[in-house]
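First up is the structure itself, then whatever we jot down about it.
Sequence lines set the chain letters: A, B, ... in the order given, protein chains first and strands last, and positions in each chain run from 1.
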There are 2 protein chains.
Amino acid sequence: MAHGGKPRPMKGIRQLAEHLDISIGTVSRALNGKPDVNEETRKRVLAAAEQLGYVANQSGRSLRQGTTNVIGLMIQSSRETVENSDNFFLTVTGGLQSVFSRHNLDLIMLPCPHDEDPYEYLKRMVARRIVDALILSETQRVDKRFDMLAKAKIPFAALGRSLSGVQHPWADLDFDGVANCAVDRLVAHGHRRIAISTPASDINLGFVFVEGYRRALERHGIPYDPALVIRAKSSEQGGYQVADELLGLKDRPTAVILIYELMAIGFYRRVMEAGIIPGRDVAVVGFREAPRAKFLQPTLTCFRTSLHDLGVELAEILLSSMPAYNHIYPNTKRQRTWPLELVPGESDAFHLTTGK
Amino acid sequence: MAHGGKPRPMKGIRQLAEHLDISIGTVSRALNGKPDVNEETRKRVLAAAEQLGYVANQSGRSLRQGTTNVIGLMIQSSRETVENSDNFFLTVTGGLQSVFSRHNLDLIMLPCPHDEDPYEYLKRMVARRIVDALILSETQRVDKRFDMLAKAKIPFAALGRSLSGVQHPWADLDFDGVANCAVDRLVAHGHRRIAISTPASDINLGFVFVEGYRRALERHGIPYDPALVIRAKSSEQGGYQVADELLGLKDRPTAVILIYELMAIGFYRRVMEAGIIPGRDVAVVGFREAPRAKFLQPTLTCFRTSLHDLGVELAEILLSSMPAYNHIYPNTKRQRTWPLELVPGESDAFHLTTGK
DNA sequence: CATAGTATCGTAAACGTTTACGGAGCGCGT
DNA sequence: ACGCGCTCCGTAAACGTTTACGATACTATG
């Protein structure tokens with residue numbers, strides 16, 4: 001109240017302290033909710049901080065307590081994923097944030113440049129200590145990043161499984177279950193030659209997907225034919241290419257399972273060029289539901305899920321493995337396959353033999 | 001060489017210094033390329049740092065020199081954009097990074113949660129001093145964020161224009177030019193009633209787009225009819241809705257300009273439901289080129305550009321307005337409309353009156 | 001030889017916090 | 001009167017850097 005006037009830009013906690021005629025230590029304690037401070041003075045401090053617009057300098061705080069209150073989500077804008085991944089990550093991000101924000105944690109995205117090795121990039125980010133914990137995506141089959149983070153004792157969780165040695169927390173879409181469900185449905189509709197698409201890179205989800213497919217076939221006593229597993233980019237072009245390859249086979253499949261729903265657009269196009277009509281001559285099942293898949297004709301059979309809720313789950317998994325928070329999120333299951341729900345469409349609604 | 005063994009995890013510059021038997025100050029100078037250090041010792045220091053995997057702690061550095069070497073790209077995953085942002089941000093990010101990495105600057109993405117006011121979110125991020133400079137996207141017509149950053153003296157650039165008071169650096173797609181070009185082309189093909197779509201929110205690009213359209217019409221002596229400006233979401237559904245609204249008009253337009261190419265999918269669908277064939281009965285022009293637009297039939301006339309290069313330009317614009325870098329990037333033009341190139345398709349290739 | 005200049009390095013202060021530690025004041029029971 | 005425990009607060013050290021400043025050794029110059 002003494003030297004009134006406009007709230008000048010705060011320089012630091014020291015100014016705030018001498019404005020209040022309290023010691024700097026007490027101010028800090030008051031702001032951080034420490035117990036040994038009079039409730040009355042705490043109110044004063046909080047009010048003054050609010051009024052003067054004081055916010056603790058993150059660098060000072062991090063330096064002292066070795067914590068940043070920031071969680072990093074690493075994404076690799078690899079050439080393949082960059083074509084279709086934005087909505088995916090942004091939606092999951094929404095779920096993550098809804099949990100983190102409750103604990104005053106901020107989420108930042110760490111986009112690894114195309115031309116940099118993801119491992120080196122991550123190492124740099126870790127060394128900089130800009131984040132307290134990490135969420136990794138686009139997990140490789142064997143992923144050195146996990147071992148590195150484990151060794152560096154940085155808490156992390158993965159959006160996607162991996163076969164790495166370390167037992168890490170993760171949440172992942174249930175590729176296995178989807179492949180199973182798709183095969184079951186197609187077999188029930190009379191199909192025996194069923195093709196499947198998988199990403200070209202050695203990202204782990206492709207293996208899980210194909211493995212689920214393989215086991216489902218086995219269950220139905222259908223031989224596994226490697227020629228029916230097509231590697232292609234997860235894009236329209238990829239779908240086009242898948243159709244192209246399958247059309248070239250001597251013994252063509254009667255059904256196909258696509259790992260990404262957008263591929264159906266290209267797939268439809270290519271087979272129609274060959275006079276084959278999806279939903280009548282060939283059955284098509286897509287993976288995730290996307291708004292644009294709704295506009296396909298015939299409508300695409302695919303799988304629905306809430307990526308937002310997946311983000312929520314993943315955030316809780318991460319927090320449960322952070323020492324500072326695992327009392328809030330007790331040791332829940334730290335590895336979670338996220339279910340998807342079948343959305344029947346017209347693209348595989350016919351029965352192969354009866355033709356209806 | 002003395003106490004050999006595995007490179008233990010570095011604790012700090014101090015350990016590195018005593019490992020080399022040099023003073024901590026010299027080590028710091030050597031690492032940072034300061035002049036007054038022997039080239040020979042510098043080599044030794046760099047080698048040791050590399051070998052021991054030492055990387056400067058960012059908190060300590062930031063605290064001392066008030067700089068973080070991090071640039072933030074703020075994105076708002078607003079409900080509308082999240083559905084269609086596609087690869088847009090990730091592609092621009094690639095361009096940004098290719099420039100920033102040359103200066104040892106890292107880019108992080110700051111995703112503003114749905115439920116938080118972007119202004120408050122930004123204020124918090126600024127107060128935390130986690131970034132040196134900012135790139136703002138999805139600029140509003142009047143955008144308080146600009147004034148705030150200007151007042152706080154945080155360097156920034158915008159991906160998109162704004163009408164705010166402050167004269168800020170920006171790079172933006174040439175919505176104006178695109179609208180002009182599209183109108184010119186359609187008029188040349190005999191059209192006089194031309195509709196246009198614009199986003200529902202008060203994001204600035206919509207205004208620029210429609211304004212360019214209005215002026216182009218004026219140039220051709222065609223009256224501006226507000227009924228032909230349709231507000232819709234930039235998605236397939238939005239395109240569907242645009243077609244729906246236009247079909248309801250008594251005096252239907254013969255051509256439409258869509259602000260987002262994906263809208264064409266929904267637009268095509270709706271008009272075909274009404275027995276109207278795009279490219280024959282109605283002319284369609286889309287905005288940006290996207291892989292999936294290639295799969296439309298008839299092919300969509302749209303506009304191509306390199307979003308990566310736009311990112312490069314934007315990065316340079318930002319650096320040129322940062323005190324520490326503007327000697328490297330001299331005062332280039334700090335406001336840049338980014339050109340797009342027409343990609344003629346079949347969707348507007350016919351002449352209205354001759355019908356060919 | 002004295003002096004000035006140069007190249008290289010060490011010392012210590014500073015950046016803004018948090019927190020361990022101790023001290024002052026007070027009430028209370030013996 | 002004394003000691004004890006409790007509440008509240010001030011002091012100062014520490015986190016890991018960078019950098020202004022001064023110190024040293026050496027070279028060149030007169």
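Under the 3.5 Å distance criterion, with hydrogens and angles disregarded, a donor-acceptor pair is assigned to the side chains of B:T26 and B:S23.
Note on A:K34: a side-chain N or O is less than 4.0 Å away from OP1 or OP2 of C:dT19. In this model, the phosphate group of C:dT11 is not approached by any side-chain N or O of B:S23 to a distance below 4.0 Å at OP1 or OP2. Side-chain N/O atoms of A:Y54 include one lying less than 4.0 angstrom from OP1 or OP2 on C:dT17. Taking only side-chain nitrogens and oxygens, A:T26 comes nearer than 4.0 Å to OP1 or OP2 of D:dG10. Put simply, B:Q65 has a side-chain N or O that comes within less than 4.0 Å of OP1 or OP2 on D:dT19.
Residue B:E138 comes nearest to B:R145 through the heavy atom pair O-NH2, 3.5 Å, listed as atom of the first residue, atom of the second, then distance. Of all the heavy atoms in B:S162 and B:F146, the pair that sits closest is CB-CE1, 3.1 Å. Contact detail for A:P155 and A:M322: the closest heavy-atom pair is CB-CG, 3.5 Å.
As rounded to whole Å, 13 Å separates atom C1' of C:dG16 from atom CG of A:L31. Atom CD of B:Q58 and atom C1' of D:dT18 are 12 Å apart (whole Å). As rounded to whole Å, 17 Å separates atom P of C:dA14 from atom CG of A:L63. Note: CZ (A:R14) to P (D:dG10) measures 14 Å, nearest angstrom. B:R29 has its CZ atom 12 Å from the P atom of C:dT8, to the nearest Å. Between the C1' atom of D:dC15 and the CG atom of A:N57 lies a distance of 13 Å, rounded to the nearest Å. Following rounding to the nearest Å, B:I13 (CD1) and C:dT11 (P) show an atom-to-atom distance of 14 Å. One atom, CG of A:D36, and another, P of C:dT18, lie 14 Å apart when rounded to the nearest Å.
For B:Y54 and B:H19, the gap between ring centers reaches or exceeds 6.0 Å.
Nearer the 5' end of DNA chain D, as judged by each residue's closest nucleotide, is the contact made by B:G60, out of B:G60 and B:G25.
Between the side chain of B:R64 and the base of C:dG16, no donor-acceptor pair of N or O atoms lies under 3.5 Å.
Comparing C:dT8, D:dC8, D:dT18 against the side chain of B:N38 picks out C:dT8 as the nearest. For B:I24, counting side-chain heavy atoms from C-beta on, the closest listed nucleotide (C:dC9, C:dT17, D:dT18) is D:dT18.
A:T41 comes within contact range of the sugar-phosphate backbone alone, with a heavy-atom separation under 4.0 Å but no base atom that close.
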